[in-house]
Peer 1: 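Once you've had a glance at the structure underneath, I'll fire off some questions.
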Amino acid sequence: MKALVTGGAGFIGSHLIDVLVKQGHTVTCLDNFSSGRREFIEHNMDAITLVEGDLLDMDDVMRALQDCDVVFHLAANPDVRSGATDTKTHFDNNIVATYNLLEGMRKKGVRTIAFTSSSTVYGEASVIPTPEDYAPLIPISIYGASKLASEALISAYCHTFDMNAVLYRFANVVGPRSTHGVIYDFIKKLRKDPETLEILGDGTQKKSYLYIDDCIEAMLFGLEHAREKVAIYNIGSEEWTEVREIADIVSREMGLSPSYRFTGGINGRGWKGDVKFMRLNIDKLRTMGWKPRYSSNDAVTMTARWLLGELL
Ligand code: NAD
């Protein structure tokens, strides 16, 4: 493949680049370093082409698409919470950015896109584990809406301009280089105050966590085996982990026994737009031959250990 990875300096993108480079593919990385970090890709700088640029700038998009045949589109603002106070960032960096990329692909004749969507497109699903054909899709966050809008745009471009796509609906992905999320937050809070841990919501929120290595393997497996014009895959682990259990795991790994203070939130949610219960049905990829190696709790524990070694 001659692959363009947008958001390649981010958490998931940099792991994807590691594997693509190892497999001998030609890789271009487009990133504006808004949340990405140079240190995540610097060990690959001799092997990849870096376009330091923005998907909101059409010249940068066209430059990055030079000589590429597959686009892995990961660049986005992934912070679900921020949508409750800032409605423009997700619209620009997730929807307009995707539109610009599709326009660039159309003009350059690049025909394959693999897109990192999210479980948030399902909103508060009444069926758990939630399968890919669950409907209606009613996101409850601006972030979820931006992912669903991007899926719709990609699907329409595929059918109008003879392109094909793989849409990955991720559960929570965790692992080395993750720079946001509940495990990261708990460690930061406990470093500041080892006696008391503030937990957003009522602690009974339950979600599925997937280890980064499993995530990258599933992405490449899904792309390789896709037969539909627009293939949709749920990517997650088969279990889930309660927020309170994450607090227990992080505390244990830090050798602490803090008391927990729950903020209560709105109906026990951590924040507006927080989906309280999320677990994806992964039978589609499973029957094709992929399954995760690590459980949800293992993924949380391994990530906590890595972050503890990294965060000062
Ligand atoms: P991340 O923030 O680490 O990576 C996103 C990257 O995109 C960053 O390097 C950032 O600098 C870059 N970027 C953002 N806006 C850009 C723009 N306008 N132009 C160029 N680059 C831009 O996040 P991540 O966790 O690695 O997420 C990667 C993708 O997977 C995102 O699309 C995210 O929505 C999706 N996703 C992540 C999770 C998860 O649990 N991490 C779950 C579901 C979906």
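All figures in this text were calculated on a predicted structure; none of them were measured in a lab. One-based numbering, in listed order, for ligands and for the atoms of each.
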Peer 1: Is the shortest distance from a Lys or Arg side-chain nitrogen in Arg305 or Glu253 to a carboxylate oxygen in the other one below 4.0 Å?
Peer 2: yes

Peer 1: Side chain or backbone of Phe33 under 4.0 Å from ligand 1, or both, or neither, by non-hydrogen atoms?
Peer 2: backbone

Peer 1: Between His25 (side chain) and Met1 (backbone), is there a donor-acceptor pair under 3.5 Å?
Peer 2: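 Yes; judged by distance alone, with no hydrogens or angles, the pair exists.
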
Peer 1: Can you see whether Tyr157 has Arg106 sitting over its ring - NZ or CZ less than 6.0 Å from the centre and within 45° of the normal?
Peer 2: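 Judged by the rule, Arg106 and Tyr157 form no cation-pi pair.
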
Peer 1: What protein heavy atom sits nearest atom 27 (O) of ligand 1, and how far away is it?
Peer 2: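 Atom 27 (O) of ligand 1 sits closest to the protein heavy atom Ile12 CD1, 3.9 Å.
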
Peer 1: Exactly one of Leu280, Ile12, Leu210 should register a side chain to side chain contact (heavy atoms under 4.5 Å, CB included) with Phe170. Which one does?
Peer 2: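 Result: among Leu280, Ile12, Leu210, Ile12 is the only option passing the side chain to side chain contact (heavy atoms under 4.5 Å, CB included) with Phe170.
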
Peer 1: Is it the side chain, the backbone, both or neither of Ser178 that has a heavy atom closer than 4.0 Å to ligand 1?
Peer 2: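 Ser178 to ligand 1: no contact under 4.0 Å from either part.
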
Peer 1: Which residue owns the protein heavy atom closest to atom 5 (C) of ligand 1, what's the atom, and how far is it?
Peer 2: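 So the nearest neighbour among protein heavy atoms is Ala76 O, 3.7 Å.
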
Peer 1: Compute the shortest N/O to N/O distance between Phe11 and ligand 1 and return yes if it is under 3.5 Å, no if not.
Peer 2: yes

Peer 1: Is ligand 1 less than 4.0 angstrom away from at least one heavy atom of Lys147?
Peer 2: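 Yes, Lys147 has a heavy atom closer than 4.0 Å to ligand 1.
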
Peer 1: Identify the protein heavy atom lying closest to atom 25 (O) of ligand 1, giving its residue, its atom name and the separation to 0.1 Å.
Peer 2: His180 NE2, 3.4 Å

Peer 1: Could you check whether any side-chain heavy atom of Tyr143 comes within less than 4.5 Å of a side-chain heavy atom of Ser82, counting everything from C-beta outward?
Peer 2: no

Peer 1: Check ligand 1 against Ser117 and write out every atom of the ligand that is under 4.0 Å from a heavy-atom position of the residue.
Peer 2: 43 (C), 44 (C)

Peer 1: Can you tell me if Tyr143 contacts ligand 1 (heavy atom of the residue under 4.0 Å from the ligand)?
Peer 2: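 A heavy atom of Tyr143 does come that close to ligand 1.
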
Peer 1: Which is it for Lys108 and Val61 under the side-chain contact (heavy atoms from CB on, under 4.5 Å) test, yes or no, and what are the steps along the way?
Peer 2: CA-CA 11 Å; Lys108 287 261 187 208; Val61 173; over 6 Å; no

Peer 1: Ignoring hydrogens and geometry, is there a side-chain-to-backbone donor-acceptor pair from Asn94 to Ser146 under 3.5 Å?
Peer 2: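 Flag not set: sc Asn94 to bb Ser146 has no pair under 3.5 Å.
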
Peer 1: Provide the number and element of each atom of ligand 1 under 4.0 Å from a heavy atom of Asn172.
Peer 2: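 Those atoms are 40 (O).
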
Peer 1: Do Arg252 and Ile249 come close enough that some side-chain heavy atom pair is under 4.5 Å?
Peer 2: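 Result yes, sub-4.5 Å side-chain heavy-atom pair found.
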
Peer 1: Any donor-acceptor pair under 3.5 Å linking the side-chain atoms of Asn234 with those of Tyr122?
Peer 2: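 Asn234 and Tyr122 do have a side-chain donor-acceptor pair below 3.5 Å.
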
Peer 1: Taking heavy atoms and a distance under 4.0 Å, where does Arg37 meet ligand 1: side chain, backbone, both or neither?
Peer 2: neither

Peer 1: Is it true that Arg261 and Glu198 have a side-chain N and a carboxylate O under 4.0 angstrom from each other?
Peer 2: yes

Peer 1: Among Gly10, Ala171, Gly236, which one puts a heavy atom closest to atom 42 (C) of ligand 1?
Peer 2: Ala171

Peer 1: Using heavy atoms and a threshold below 4.0 Å, how should the contact between Ser119 and ligand 1 be classified: side chain, backbone, both, or neither?
Peer 2: neither

Peer 1: Looking at ligand 1, is there an atom of it that comes within less than 4.0 Å of some heavy atom belonging to His73?
Peer 2: no

Peer 1: Closest non-hydrogen protein atom to atom 6 (C) of ligand 1, residue and atom name please, with distance?
Peer 2: Gly7 CA, 3.6 Å

Peer 1: Is the closest N or O pair between Gly13 and ligand 1 shorter than 3.5 Å?
Peer 2: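 Not met; the criterion fails.
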
Peer 1: Which residue owns the protein heavy atom closest to atom 20 (C) of ligand 1, what's the atom, and how far is it?
Peer 2: Asn32 N, 3.4 Å

Peer 1: In the protein, which heavy atom is nearest to atom 19 (N) of ligand 1, and how far is it?
Peer 2: Leu55 N, 3.1 Å

Peer 1: Hey, is ligand 1 close enough to Asp31 that some N/O pair sits below 3.5 Å?
Peer 2: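 By distance alone, the answer is yes.
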
Peer 1: List the closest protein heavy-atom neighbour of atom 2 (O) of ligand 1: residue, atom name, distance to the nearest 0.1 Å.
Peer 2: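 The answer is Ser35 OG, 2.6 Å.
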
Peer 1: Quick one: which of Gly144, Ser34, Ala97, Ser14 has a heavy atom closest to atom 14 (C) of ligand 1?
Peer 2: Ser34

Peer 1: Regarding Ser295 and Asn297, do their side chains bring together a donor and an acceptor under 3.5 Å, going by distance alone?
Peer 2: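 On atom types as modelled, these side chains do not qualify, holding no pair under 3.5 Å.
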
Peer 1: Taking only heavy atoms of Leu74, which atoms of ligand 1 are found under 4.0 Å from at least one of them?
Peer 2: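 In order of number, 28 (C), 29 (C), 31 (C), 32 (O).
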
Peer 1: State the atoms of ligand 1, each with its element, that fall below the 4.0 Å cut-off from a heavy-atom position in Ala9.
Peer 2: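 Every atom of ligand 1 under 4.0 Å from some heavy atom of Ala9: 9 (O).
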
Peer 1: So among Arg81, Arg269, Lys207, which one has a salt bridge (charged side-chain N to carboxylate O under 4.0 Å, His left out) with Asp274?
Peer 2: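 Exactly one pass, corresponding to Lys207.
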
Peer 1: Against heavy atoms of Gly36, which atoms of ligand 1 measure under 4.0 Å?
Peer 2: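 Under 4.0 Å from Gly36, ligand 1 has these atoms: 8 (C), 9 (O), 10 (C), 11 (O).
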
Peer 1: Using the rule given for side-chain contact (heavy atoms from CB on, under 4.5 Å), can you reason through Thr98 versus Ile154, listing the C-alpha separation, both sets of side-chain angles and the distance that settles it, and then say yes or no?
Peer 2: CA-CA 8 Å; Thr98 301; Ile154 291 169; 4.0 Å; yes

Peer 1: Does the pair Lys284/Glu228 count as a salt bridge with the N-to-O cut at 4.0 Å?
Peer 2: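 Salt bridge between Lys284 and Glu228, a charged N being under 4.0 Å from a carboxylate O: yes.
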
Peer 1: Does the N or O separation between Leu56 and ligand 1 drop below 3.5 Å for any pair?
Peer 2: no

Peer 1: Let me know which of Arg293, Arg286, Arg279 forms a salt bridge (charged side-chain N to carboxylate O under 4.0 Å, His left out) with Glu238.
Peer 2: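 Only match with Glu238 under salt bridge (charged side-chain N to carboxylate O under 4.0 Å, His left out): Arg286.
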
Peer 1: Say whether, by atom type as modelled, one donor and one acceptor occur between the side chain of Thr6 and the main chain of Leu74 under 3.5 angstrom.
Peer 2: yes

Peer 1: So is Asn93 touching ligand 1 or not, going by heavy atoms under 4.0 Å?
Peer 2: yes

Peer 1: Is there a polar contact, in the sense of an N or O pair closer than 3.5 Å, between Val173 and ligand 1?
Peer 2: yes

Peer 1: As a test of understanding, state which of Thr89, Asn77, Thr87 forms a side chain to side chain contact (heavy atoms under 4.5 Å, CB included) with Ile142.
Peer 2: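 That would be Thr87; it is the only one of Thr89, Asn77, Thr87 passing the side chain to side chain contact (heavy atoms under 4.5 Å, CB included) with Ile142.
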
Peer 1: Tell me: protein heavy atom nearest atom 23 (O) of ligand 1, and distance?
Peer 2: Pro78 CG, 3.5 Å

Peer 1: Test your reading of the structure: does Ser118 have an N or O sitting under 3.5 Å from an N or O of ligand 1?
Peer 2: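 By distance alone, the answer is no.
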
Peer 1: At a 4.0 Å threshold, what atoms of ligand 1 neighbour a non-hydrogen atom of Asp54?
Peer 2: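 Answer, ordered by atom number: 17 (C), 18 (N), 19 (N).
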
Peer 1: Show the atoms of ligand 1 that are less than 4.0 angstrom away from any heavy atom in Gly53.
Peer 2: 20 (C)

